[in-house]
Amino acid sequence: MVPRQERSGIRQSPDPFYFPDLVTTTHLIKLSWPLGRPLVPSDTLAAAIDAHAAPVVSAITARDSGSTALTLTGSRVAPTDALACGALLLAADNLLADRERRTMAERVEPIAFEAFQRAKTYTRGLLSDGGISPNLAAATSTRALGFRARGRLRNSPYFDRFNVDEVPPYLPLKWLRDHFTDLRMQLPDATHRDDRLLRRGVSLRLAELVTGHTWPECAEALDVGNGVGRYTLNALGRRLTKNQLGLAFTRAVDQVAEQIDASTHRGNYANRRRRMARWRMGNGHWSRLFEELPGLALMHATADSCIASIIVWSDVTRAEAPHCPIVKKERGRGDARLLTSRTSALHEADIGRGDRFRLRRRLSLYATQLATACDQNLPLYVSVRAIIEKETLTRRAARLRQI
């Protein structure tokens, strides 16, 4: 009879990413050492890691002093000393801890950031080649935000949750207020420019999460242009990195991603852009939208229906006005900037509660009808009468509530 063995306290992890994550994390700790000193419980273990990491730290220090180029050949080799090897693995296991994505990001973020600061190219290669989990990939990917170059995100928990066509090219203003108010309050001297950068950056990050592509590539997929992706990555990256808000940005984007994933109806913004590519609001519809708005008589007489078309197109596609086909067509004639500036008075400005607000509300309802038609692949038909009736009833109900 074979003797019954006592149950071992060591169990094989059911997580197939556990060991790739563990090994990759040991290298991050080594690159950022001694930042990870609190991850081990004794001075003896810390000294063992210190001795093993010394050549890497010395090479980085020498590079920074200008005395030599950075060479980290052989630095991925495991320690030959058992104590150092065990200490590194213990530190890595403590850093990974419960393996939950959001809490992991909080712990890994400072270590990964320091590794990127010290050896950007080496760290990027390390994270690309390690076969790491989607959680660790998400926790470390934002560390490249502050740098000009960025590799592809190989693993993401959102790859199969929704697709890039369901990502709005310019984050809706309500979503910005719902998810990014705290982050914005932490940005020193935040301006409207920061809001624009955030709204572009969130959309690019969402596209990155579901495609794994770089921000310039994601910008192409969202039809906003490669240059917008590069500029947003650099400008927003510097702003967030300088104020140590990369992790807060990642958390807020994850909230938006969860919101999209949980939606029972998602807009297909790529299809909306295709359907709306040649759409224009007729002069008759534009004129009728002014019914019972006496305070806008001058606007009615002088405003161009192109302005309304640009605003409605932006509402339907959730994209910025400069990317509207009407504006692009005028770009060669030099009138594009004037067109977009003239939309600002009605587009997302604070326009109070008067007739201008009522007209903007009607344009929003107009866009809602078109968006529904696009999503259901129906003809782009709009009932202006239904829009006016709905806006008027909503206004009356609001006034009754105030009495």
Side-chain angles (χ1 to χ4, degrees), residues 5-42 44-46 48-50 52-53 56 72 74-116 118-119 122-144 151-161 208-210 212 246-247 250-251 253-254 257-258 261:
Q5 295 184 351
E6 291 297 320
R7 198 171 184 180
S8 172
I10 301 176
R11 293 179 297 169
Q12 184 176 2
S13 171
D15 183 354
F17 292 109
Y18 176 74
F19 286 108
D21 281 6
L22 193 71
V23 172
T24 299
T25 304
T26 64
H27 296 309
L28 291 177
I29 292 169
K30 191 189 313 182
L31 284 166
S32 60
W33 190 260
L35 189 62
R37 170 62 184 83
L39 295 169
V40 288
S42 73
T44 301
L45 294 176
I49 296 177
D50 191 65
H52 178 69
V56 173
L72 296 177
S75 60
R76 293 199 197 185
V77 177
T80 56
D81 177 67
L83 183 63
C85 188
L88 264 177
L89 290 172
L90 176 62
D93 187 65
N94 287 336
L95 186 61
L96 295 172
D98 57 15
R99 315 279 292 148
E100 198 279 324
R101 182 162 50 91
R102 288 188 175 87
T103 57
M104 184 194 294
E106 292 177 6
R107 295 185 300 272
V108 171
E109 193 266 351
I111 299 289
F113 177 76
E114 185 63 24
F116 268 109
R118 295 183 180 186
Y122 182 88
T123 304
R124 188 187 300 117
L126 172 70
L127 294 170
S128 297
D129 298 339
I132 58 176
S133 68
N135 288 359
L136 185 58
T140 56
S141 63
T142 55
R143 292 305 84 225
R152 292 189 174 199
L153 177 62
R154 293 198 173 190
N155 295 301
S156 166
Y158 296 101
F159 275 165
D160 299 320
R161 306 269 287 274
E208 180 192 25
L209 287 174
V210 296
L247 183 56
T250 301
R251 287 177 181 164
V253 174
D254 283 347
E258 296 291 344
D261 181 52

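If you're wondering where the values come from, they're calculated on a predicted model, not measured in any experiment. When a residue number appears, it is its place in the shown sequence, counting from 1.
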Trainee: Does some side-chain heavy atom of Arg161 sit less than 4.5 Å from a side-chain heavy atom of Val210?
Mentor: no
Trainee: Could you check if a side-chain atom of Pro20 sits within less than 4.5 angstrom of a side-chain atom of Leu136, using non-hydrogen atoms only?
Mentor: no
Trainee: Considering non-hydrogen atoms only, spot the tightest contact between Pro79 and Ala84 and give its length.
Mentor: CB-CB, 3.9 Å
Trainee: What's the shortest heavy-atom distance between Leu39 and Asn94, and which atoms?
Mentor: O-ND2, 2.7 Å
Trainee: Rounded to the nearest 0.5 Å, how far apart are CG of Leu127 and OH of Tyr122?
Mentor: 10.5 Å
Trainee: Work out which heavy atom in Thr26 is nearest to a heavy atom in Ala92; give both atom names and the distance.
Mentor: CG2-CB, 3.6 Å
Trainee: Per the side chain to side chain contact (heavy atoms under 4.5 Å, CB included) rule, which among Thr24, Asn135, Leu22 passes with Leu96?
Mentor: Leu22
Trainee: In Å and rounded to the nearest 0.5 Å, what is the CD1 to CG distance from Ile49 to Asp81?
Mentor: 11.0 Å
Trainee: By side chain to side chain contact (heavy atoms under 4.5 Å, CB included), which residues pair with Ser32, not counting sequence neighbours?
Mentor: Leu35, Ile111, Glu114
Trainee: If you look at every heavy atom in His52 and Leu88, which pair is closest and at what distance?
Mentor: CD2-CD1, 3.6 Å
Trainee: Could you give me the CA-CA distance, side-chain angles and deciding distance for Thr25 and Val108, then say whether side chain to side chain contact (heavy atoms under 4.5 Å, CB included) is met?
Mentor: CA-CA 9 Å; Thr25 304; Val108 171; 5.7 Å; no
Trainee: To check you understand the geometry: which heavy-atom pair defines the closest contact between Lys30 and Val56, and what is its length?
Mentor: CD-CG2, 3.8 Å
Trainee: Would you give the length of the straight line joining atom CZ of Phe116 to atom CG of Leu28, rounded to the nearest 0.5 angstrom?
Mentor: 8.5 Å
Trainee: Would you indicate whether the side-chain heavy atoms of Asp93 and Leu89 approach each other to under 4.5 Å?
Mentor: no
Trainee: Between Ser133 and Phe17, is there a donor-acceptor pair closer than 3.5 Å when you use the side chain of the first and the backbone of the second?
Mentor: no
Trainee: Do you know which two heavy atoms are closest between Arg118 and Pro34, and how far apart they sit?
Mentor: NH2-CD, 4.3 Å
Trainee: Apply the test side chain to side chain contact (heavy atoms under 4.5 Å, CB included) to residues Asp254 and Leu209: give CA-CA distance (whole Å), side-chain angles for both, the deciding distance (0.1 Å), then the verdict.
Mentor: CA-CA 9 Å; Asp254 283 347; Leu209 287 174; 4.1 Å; yes
Trainee: So, Arg37 side chain and Val40 main chain: donor-acceptor pair closer than 3.5 Å or not?
Mentor: yes
